[in-house]
Amino acid sequence: MGIVVLTGAGLSAESGLATFRDGDGLWERHAVEDVATPAAFRRDPALVHRFYNARRRQAAGAQPNAAHAALARLSNRADVTLITQNVDDLLERAGARDVVHMHGALNRAICAACGHGWPASGDMAASEPCPACGTPACRPDIVWFGEMPQHMDRIMQALADATLFAAIGTSGQVYPAAGFVEIASGCGAACVELNLDPQRTSPLFERHIVGPASQTVPAWVDEILG
Ligand code: APR
C-alpha cells in the first residue's frame, strides 16, 4: 500500500515556526518579492541571507512535535514517500528517514555560480566562497518563487503508485504541491486532509481530519499502523 504524505508549514506550527499565510505568517511580515525570488537575491543578497539566517536559527532552536514523531514512526514502518514543502529539519530530527524536501532545506547551501551544494548549518553570507569553484556566490538551497521544485520525477512516480494520499498542514495555495491531490485521486488513491480548518483544496479530499497536527497526526498514524 503506497502511502504518499505531503506536509506544509502547519506541521511545524506547534514547534513554534511561523507558517506563511496564517494571521501572523511570514508573508504578512515580508514581501515575497523582497526575500524569496532569484531577482531579490540578485538585488539584495544580504537582505535575503538575513531572512533565511533568522529562519535557520529559529528552526535550530525548535523541537520536533508529536506530529513529526508520528510521521517518523510511519516512515520507518510502512511504504511511505514523505514529501515536505517545509525547509526545516524537524522530521529528520524526529527520526524520519529519506524526507523529500521539494522546496529545499535551510541547512544546505548552493553556489549561485556553479550549482554545487553543501551542508551549512550556520549563518550564510553571499561573500562565502563556493567550496567547488571558489566564487563568492553562496545562497540558501531553497526553491524560490519562479524556480522548479526539487525531486519532482520521484514525486510524480509516487503519486501515480499511491493508494493513500495525505496532505497535512498545508493551505493548498502553491503549485505544484497544491495539485498533488488531483493527481493521486486520478490514479485511484484515497485522499485525506489533516488541517486545522477547511482549505481551498478541501473539496478534493474525501476525508477530513480537523484539529492540530500534534493531536491528529499521531492518531492517524496509529490507525494506519493498526
Ligand atoms: N495543525 C494543522 N494545520 C495547521 C496548524 C496546526 N497546528 N497550524 C496551521 N495549520 C495549517 C493552516 O490551516 C494552513 O492550511 O497549515 C497551513 C499553513 O498554510 P501556509 O502558511 O500557506 O503554508 P504552506 O501550505 O506550507 O505553504 C506552501 O508556500 O510560500 C510558499 O514555499 C512556501 O512551502 C511554502 C508553500
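Just follow the structure's listing: the first ligand is 1, and inside any ligand the first atom is 1.
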- Protein heavy atom at shortest distance from atom 17 (C) of ligand 1: Gly169 O, 3.5 Å
- Task: Answer with side chain, backbone, both or neither: which part of Asp197 has a heavy atom less than 4.0 angstrom from an atom of ligand 1?
- Result: side chain
- Message: With heavy-atom distances below 4.0 Å as the criterion, list the atoms of ligand 1 near Gln199.
- Response: 13 (O), 14 (C), 15 (O)
- Message: Can you name the atoms of ligand 1, numbered from 1 with element, that are less than 4.0 Å from a heavy atom of Trp27?
- Response: 30 (O)
- Task: Give the intermediate values and the outcome of side chain to side chain donor-acceptor pair (under 3.5 Å) for residues Ser15 and Gln63.
- Result: CA-CA 6 Å; Ser15 294; Gln63 295 304 318; over 6 Å; no
- Could you point out which residue of Leu82, Asp222, Val80, Val217 forms a side chain to side chain contact (heavy atoms under 4.5 Å, CB included) with Leu74? Val80
- Per side-chain hydrogen bond (donor to acceptor under 3.5 Å, both in side chains), Asp123 is matched among Arg56, His49, Arg57 by Arg57
- Query: Under 4.0 Å from any heavy atom of Val174, which atoms of ligand 1 are there?
  - Reply: 29 (O), 36 (C)
- Consider every N or O of Leu194 and every N or O of ligand 1, then say whether any pair is closer than 3.5 Å. no
- Task: Looking only at protein heavy atoms, identify the closest one to atom 35 (C) of ligand 1 and say how far it is in Å.
- Result: Phe20 CE1, 3.5 Å
- Message: Suppose I only count heavy atoms of Asp22 and a 4.0 Å limit; which atoms of ligand 1 are within that range?
- Response: 9 (C), 12 (C)
- Query: Hey, is Gln85 touching ligand 1 through its side chain, its backbone, both or neither, going by heavy atoms under 4.0 Å?
  - Reply: both
- Query: Can you name the closest pair of heavy atoms from Gln173 and Ala178 and give their distance?
  - Reply: N-CB, 4.2 Å
- Relative to each other, are the rings of Phe180 and Phe165 parallel, tilted or perpendicular (30° and 60° limits)? perpendicular
- If hydrogens are left out, which of Gly172, Ser15, Ser171 has an atom nearest to atom 19 (O) of ligand 1, that is, the closest non-hydrogen atom? Ser171
- Task: Applying side-chain hydrogen bond (donor to acceptor under 3.5 Å, both in side chains) between His101 and each of Gln150, Arg108, Glu92, report the one that passes.
- Result: Glu92
- Would you say the side-chain atoms of Ser12 and His68 include a donor-acceptor pair closer than 3.5 Å? yes
- Message: Any carboxylate oxygen within less than 4.0 angstrom of a Lys/Arg side-chain nitrogen, looking at Glu223 and Arg207?
- Response: yes
- Message: Go through it in stages, so that I can follow the logic: the residues are Leu6 and Val4, the test is side chain to side chain contact (heavy atoms under 4.5 Å, CB included), and I'd like the CA-CA distance, side-chain angles, deciding distance and then a yes or no.
- Response: CA-CA 7 Å; Leu6 170 70; Val4 176; 5.7 Å; no
- Atoms of ligand 1 close to Gly8 [distance to a heavy atom under 4.0 angstrom, numbered from 1]: 26 (O)
- Message: Below a 4.0 angstrom heavy-atom separation, can you tell me which part of His103, side chain or backbone, both or neither, approaches ligand 1?
- Response: side chain
- Using a strict 4.0 Å threshold on nitrogen-to-oxygen distance, state whether Arg154 and Asp98 make a salt bridge. yes
- Task: Look at atom 8 (N) of ligand 1 and say which protein heavy atom is nearest, naming residue and atom and giving the distance to 0.1 Å.
- Result: Leu196 CD1, 3.4 Å
- Item | Trp144, portion touching ligand 1 at heavy-atom distance under 4.0 Å | neither
- Item | Closest approach of any protein heavy atom to atom 31 (C) of ligand 1, naming residue and atom | Arg21 NH2, 3.5 Å
- Protein contact of atom 6 (C) of ligand 1 - nearest heavy atom, named by residue and atom, plus distance: Gly10 O, 3.5 Å
- Query: Out of curiosity, is Glu14 lining ligand 1, as in a heavy atom under 4.0 Å away?
  - Reply: yes
- Message: For Val174 versus Arg21, what's the shortest heavy-atom pair and its separation?
- Response: CG2-NH2, 3.1 Å
- Per-atom contacts, ligand 1 versus Ala13 - under 4.0 Å to a heavy atom: 8 (N)
- Message: Suppose we measure from atom 1 (N) of ligand 1 to each protein heavy atom; which comes out shortest, and what is that distance?
- Response: Ala213 N, 2.9 Å
